[in-house]
Amino acid sequence: MLLAGADGGLWWPQLVVLPVGLAALLWPAARRPKWLTTVVRTAVPAVLSGAVTAAVFLSGREALSGPGELAILLCLLLIAVRDCRVRWAAVCGVLDGAAISALPYRQAPGDSAVNPFAMLVLAGVVAGLGGYLRALDRRRRVAVTETQRAERLAMAADLHDFVAHHVTGILVQTQVAQLLATTDPQRLNGILKDVERSATEALASMRRTVGLMREAPEAGDTDRNPRGDLAALPELVEGFAGPVGPKAVLRRDPSVPDGLPHEMQAAAYRVVQEALTNVRRHAADATEVLVGLAYDGRVLEVTVRDDGRGGTRLPQAARGGGFGLVGLTERVTALGGKLRTGPRPDRRGWEVTAKLPMEKPPS
């Protein structure tokens, strides 16, 4: 027997559709079973609502209708258009829209004057809103993906800089060790310790950087971040010299503050690191390397000079592919700075100069 209200209108459709629609809409995401996908949540209530409308229409009796079912179907339409895959978004969107458009036929079954246009307009507005939100979600995902990709590329470049610097040092020290093995064996112990230290630092740099590429560091976990600031320059310069390397001196002008922006400090560190690496690769005959830092209140100037003539005994494979300076130029230019590399004015060696402004000039 069909349930009817006091005015003769059927109200059993509300008992059938509302519980299913509310469950599909309000079921907590953390407790949803695997089979309750977005497609199922948005399609089943629409199919059920349409079937109920068809049953009422065929019975020829009027059914009670309230705003609850309409609100649920509109919400499910929004979810379908926004969250389902493109093909299923179209299917579920059509089902929800058809169910919404058919609701007027419950109150006047068989009446040819029923006009579902208002429901169609309402469904179209909600579907348009869902499409707009879908576009915003996609734009955000693309932006996040591009940001992550750029960050990982930057980390990969940092990894290259760290490892290339240490491995080049290991090659130079190994060559010196081969020479001393026959001429001065007593000095081998110190050289081998430097080789061990360089290899350990290279492995630590690789672990830190690869760890950052795999997952974000936890709050307060600063030890995993590769060191790359002005405070780390003395250690870098001192480690470059070693017991058999050329004399390396760091001259930091007192005007250079400690609180410069991190990107400026990181760029300055990379300039010095790449320049020192290139000294090892291309100027093994250098006897002195000078690293200078100066600041005039607006621009940080980083200078690395050597007195080498270009003599080197490194194998061709260890001289690099020329991409270090390319990446360095991109990094400096991105900050609005300028990078110059070339012979010293007195022709007594090579010079690398980077000028990093405090504020990037407007493009």
Side-chain angles (χ1 to χ4, degrees), residues 1-5 7-141:
M1 184 178 68
L2 298 177
L3 298 175
D7 56 356
L10 302 177
W11 53 276
W12 63 266
Q14 300 295 312
L15 296 179
V16 174
V17 179
L18 282 178
V20 176
L22 288 173
L25 188 62
L26 302 178
W27 200 312
R31 298 183 179 181
R32 288 177 196 154
K34 293 183 179 180
W35 58 265
L36 190 58
T37 61
T38 305
V39 174
V40 173
R41 290 172 56 214
T42 55
V44 170
V47 172
L48 183 60
S49 175
V52 168
T53 300
V56 171
F57 183 82
L58 294 176
S59 70
R61 301 187 61 182
E62 182 178 348
L64 297 177
S65 180
E69 183 177 352
L70 175 61
I72 290 174
L73 290 175
L74 289 174
C75 291
L76 293 177
L77 174 61
L78 179 66
I79 294 172
V81 176
R82 180 178 182 179
D83 296 336
C84 290
R85 294 185 178 180
V86 176
R87 180 180 302 177
W88 286 110
V91 173
C92 296
V94 169
L95 289 175
D96 285 311
I100 293 171
S101 300
L103 287 178
Y105 289 97
R106 290 190 191 175
Q107 297 179 353
D111 188 350
S112 60
V114 174
N115 186 3
F117 180 74
M119 292 297 184
L120 281 174
V121 172
L122 185 59
V125 171
V126 173
L129 176 60
Y132 173 71
L133 294 177
R134 185 187 187 94
L136 290 181
D137 291 341
R138 183 181 182 280
R139 190 179 305 172
R140 180 180 179 276
R141 286 194 299 269

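Shown here are the side-chain contact (heavy atoms from CB on, under 4.5 Å) partners of Ala89, two or more places apart in sequence or in another chain: Cys84, Arg134.
Taking CG of Leu78 as the reference point, atom CG of Leu25 lies at 10.0 Å (rounded to 0.5 Å). Note that CG of Leu77 and CD1 of Ile100 are 5.0 Å apart. Values are rounded to the nearest 0.5 Å. Residue Ile72 holds its CD1 atom at 7.5 Å from CG of Leu76, rounded to the nearest 0.5 Å.
A 4.5 Å side-chain heavy-atom check between Phe117 and Pro104 finds every atom pair outside the cut-off. Counting only heavy atoms from C-beta outward, the side chains of Val81 and Leu129 never approach each other to under 4.5 Å.
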Check residues 41-50 and write down every donor-acceptor pair under 3.5 Å in which the side-chain atom is one partner and the other belongs to a residue at least two apart or another chain.
from, atom 1, to, atom 2, distance (Å)
Arg41, NE, Ala24, O, 2.7
Arg41, NH2, Ala24, O, 3.1
Thr42, OG1, Thr38, O, 2.8
Thr42, OG1, Val39, O, 3.3
Ser49, OG, Glu69, OE2, 2.6
Ser49, OG, Arg106, NH2, 3.2

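Residue pairs meeting the salt bridge (Lys or Arg N to Asp or Glu O under 4.0 Å) criterion with at least one partner in residues 72-99, sequence neighbours excluded, are Arg82-Asp137.
Here the side chain of Trp88 pairs no donor or acceptor atom with the backbone of Cys92 at under 3.5 angstrom.
Counting all heavy atoms, side chain and backbone alike, Val126 lies closest to Leu74 at CG1-O, 3.4 Å. For the residue pair Leu36 and Trp27, the shortest heavy atom distance occurs at CD2-CE3, 3.6 Å. For Ser101 against Leu120, the heavy-atom pair with the smallest separation is OG-CD2, 2.9 Å.
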